[in-house]
Amino acid sequence: MRLSQYFLPILRDDPKEAEIVSHKLMLRCGMIRQEAAGSYSWLPLGLRVLRKIEQIVREEQNRAGAIEVLMPTIQPAGLWRKSGRYEAYGKEMLRIKDRHDRDMLFGPTNEEMITDIFAQGVQSYKDLPRNLYHIQWKFRDEVRPRFGVMRGREFLMKDAYSFDLTREAGQHSYNKMFVSYLKTFARMGLKAVPMRAETGPIGGKDSHEFLILADTGESEVFFDRAFHDMDWQAFEIDYDDVEAVAKVVDDFTSKYAATSEMHDQADYEKRVPADRRVTGRGIEVGHIFFFGTKYSEPLGAEVQGPDGKMVPVQSGSYGIGVSRLVGGIIEASHDEAGIIWPEPVAPFKVGLINLKAGDAGTDAACERLYHALECKGVDVLYDDRDERAGAKFGAMDLIGLPWQVIVGPRGLKDGIAEVKNRRTGERENAALDQLVGRFAR
RNA sequence: CGGAGUGUAGCGCAGUCUGGUAGCGCACCUGCUUCGGGAGCAGGGGGUCGGAGGUUCGAAUCCUCUCACUCCGACCA
């Protein structure tokens, strides 16, 4: 993409409504635009990141055996009356009426609908287990939306729902999601620590929250420093290996980690040596629940078991705040100059800077590089604007692409360009003819 | 939902107390000079001052109503 032809409304000053760094940076980078309290338009740069995150989530869900569907944003009230949550959900649920005066609602979550879909499609225990998920916009009429996309009213969420015959089988489904979450967040360059959680309005028996460690997080967290030393990289695992999956879950849950709501100081001190106790802040990016038959019973999601009897299925639900992750990643990865995108979620991999647009030599060299990179499928944002070098450096640092390729007359006469690593700030010279190979897969 | 604020050009702000031609910086347009970390000079464009009603010869400014947004607290993917 040529910057001169892109839509990237960069702001030089912090907009006054933004309080936290990710919100400020997203606005300054022209990633989002606020339309109402807690409701945002996603501009091209922001949308690219959102899509990358969404795709990573999708790939890891698929890998863990979940199956993608797509449910509507507007749901009829009937199912919610059946589950008892139409009243219970309270004012956070946006209720609307259609032209026939029927009660509808903008979905804050999808347990009811998915359970109904499942019940209609599955009658036998032989069709279990199943895990269905979708990635869809949700609306929760928060009392007080804030922090940009971190707490919007309309947000993109991945929610998966598992269905099993027995409690034990349900546990394995839960464990698979647990492990897939570790992998999902690790792929985005995040350490998201699983912490035992309250079940909240979703209701249930077993629950873990996944929190990114970031100074600006909303929740206070207490955890064992040992988490820092664990293997967070995408470890390979056979999701059908019940023991192996359970072992990973055990490894991660055996170490102390709790949000302030669940924190037990005595237990903390008993289980974690003083020198390993860490108090920090975290951002919740995922939440998994096992709730047994809480929805399957009232909604009649039953299957016929081997003995011919009808049994309500055992369920869990598993959420990831996809749009929140955009803000969360920025909170965890930025500096004074701007965002530092982890490569897997970066809107573009390479920022190509033409230091002297209008100069025949640099223009030609940049054009060649730009086309070659594009041909190799490398996402490149080419700053071909007629701006001063400083402005280009500033903009590129702000939007935080992982790599900057800087082409100017000075290096060009020796056939080289400069490659800058946004995260480390390291620069090195590279021969022009070797650059493409370096970034192409 | 309680408390506190703010709405004036794309962004950040002044002007409101004390009514009298709507301003500043950045951004934007034109020209010249510059050009490796947000240049200089000159010229220029852009605002029904959140909205409605009222007071007044005259309202961004005073009064009434209203809408929106932000922040602090209680609640949350």
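Residue numbering restarts at 1 for every chain, and letters A, B, ... go by the order of the sequence lines.
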Using atom P in both nucleotides, what's the gap between B:G40 and B:C35 to the nearest angstrom? 14 Å

Starting at CD of A:Glu284 and ending at P of B:A77, how long is that distance when rounded to a whole Å? 5 Å

Please classify the nucleic acid contact of A:Glu209 as base, sugar-phosphate, or nothing, using heavy-atom distances under 4.0 Å. nothing

Can you find a side chain N or O atom of A:Lys91 that sits less than 4.0 Å from OP1 or OP2 on B:C1? yes

More 5' along RNA chain B: A:Phe393 or A:Ile320, using each one's nearest nucleotide? A:Phe393

Under a 3.5 Å limit on both distances, the Watson-Crick or wobble mate of B:U61 is none

Without decimals, in angstroms, what is the distance between A:Arg144 CZ and B:C72 P? 4 Å

Return the nucleotide paired to B:G31: Watson-Crick means purine N1 to pyrimidine N3 with N6-O4 or O6-N4, wobble means G-U with N1-O2 and O6-N3, both under 3.5 Å. B:C41

Under a plain distance cut-off of 3.5 Å, with no hydrogens placed, do A:Arg58 and A:Gln55 share a side-chain donor-acceptor pair? yes

Indicate yes or no: at least one non-hydrogen side-chain atom of A:Leu25 is less than 4.5 angstrom from one of A:Met31. no

Begin from the C-alpha positions of A:Tyr318 and A:Ser162 and carry the test side-chain hydrogen bond (donor to acceptor under 3.5 Å, both in side chains) through to its verdict. CA-CA 8 Å; A:Tyr318 315 90; A:Ser162 65; 2.7 Å; yes

Rounded P spacing from B:C49 to B:G20 in Å: 15 Å

Expressed as a whole number of angstroms, how long is the span from A:Leu27:CG to B:G10:P? 16 Å

Which nucleotide, in any strand shown, forms a Watson-Crick or G-U wobble pair with B:G7, with both distances under 3.5 Å? B:C67

Scan every strand shown for a Watson-Crick or G-U wobble partner of B:G46, both distances under 3.5 Å, and answer none if you come up empty. none

Once you round it to whole Å, what is the distance between P of B:C35 and CG of A:Asp383? 19 Å

Of the nucleotides B:A77, B:U70, B:C75, which one has an atom closest to the side chain of A:His287? B:A77

Below 6.0 angstrom between ring centroids: does that apply to A:Phe178 and A:Phe210? yes

Please state whether the base of B:G38 and the side chain of A:Glu387 form at least one donor-acceptor pair under 3.5 Å? no

Identify whether any heavy atom of A:Gly408 sits under 4.0 Å from a base atom; if not, whether one sits that close to sugar-phosphate; answer base, sugar-phosphate or nothing. base

Using a heavy-atom cut-off of 4.0 Å across all strands, would you classify A:Gly327 as base, sugar-phosphate, or nothing? nothing

Check whether any side-chain N or O of A:Arg388 sits under 4.0 Å from OP1 or OP2 of B:A39, and answer yes or no. yes

For A:Ala389, which contact category applies under a 4.0 Å heavy-atom criterion: base, sugar-phosphate, or nothing? sugar-phosphate

In the structure shown, which nucleotide is the Watson-Crick or G-U wobble counterpart of B:G2, with both distances under 3.5 Å? B:C72

Please report, rounded to the nearest Å, how far the C1' atom of B:A77 is from the CG atom of A:Leu211. 11 Å

Could you tell me how far apart A:Ile10 (CD1) and B:C28 (P) are, to the nearest whole angstrom? 11 Å

What's the gap between B:G7 and B:G50 when it is taken at their P atoms, as a whole Å value? 8 Å

C1' atoms of B:U8 and B:C69, separation to the nearest Å: 15 Å

Going by the ring pair (Phe, Tyr, Trp, His ring centres under 6.0 Å) test, which pairs reach into residues 412-434 of chain A, not counting sequence neighbours? none

Whole-Å distance, A:Glu142 CD to B:U70 P, equals 13 Å

Close N/O contacts between protein and nucleotides 12-16 of chain B (under 3.5 Å):
unit_1 : atom_1 : unit_2  : atom_2 : d
B:G12  : OP1    : A:Lys16 : N      : 3.2

Determine the interatomic distance between C1' on B:A4 and the same-named atom on B:A77; round to the nearest Å. 29 Å

Establish, from distance only, whether the side-chain atoms of A:Asp116 and A:Gln120 form a donor-acceptor pair under 3.5 Å. no

Working to the nearest 0.5 angstrom, can you tell me the gap between A:Glu331 CD and A:Ser333 OG? 11.0 Å

Nearest nucleotide by nearest heavy atom, which residue falls closer to the 5' end of RNA chain B, A:Glu418 or A:Leu156? A:Glu418

So A:His263 and A:Tyr256, would you call those rings parallel, tilted or perpendicular, with 30° and 60° as cut-offs? perpendicular

Using the C1' atom on both, measure B:G38 against B:A22 and round to a whole Å. 30 Å

Does the side chain of A:Tyr133 pick up a donor-acceptor pair with the side chain of A:Asn62 at under 3.5 Å? yes

For B:U21 and B:C28, measure between their P atoms and round to the nearest Å. 31 Å

Report yes if the side chains of A:His287 and A:Ser317 come closer than 4.5 Å at any heavy-atom pair, otherwise no. no

Check the distance between B:C11's P and A:Met31's CE and give it to me in whole angstrom. 19 Å

Expressed in whole Å, how much space separates the P atoms belonging to B:G54 and B:U61? 14 Å

Would you say A:Gln34 places a side-chain N or O within less than 4.0 Å of OP1 or OP2 belonging to B:A68? no

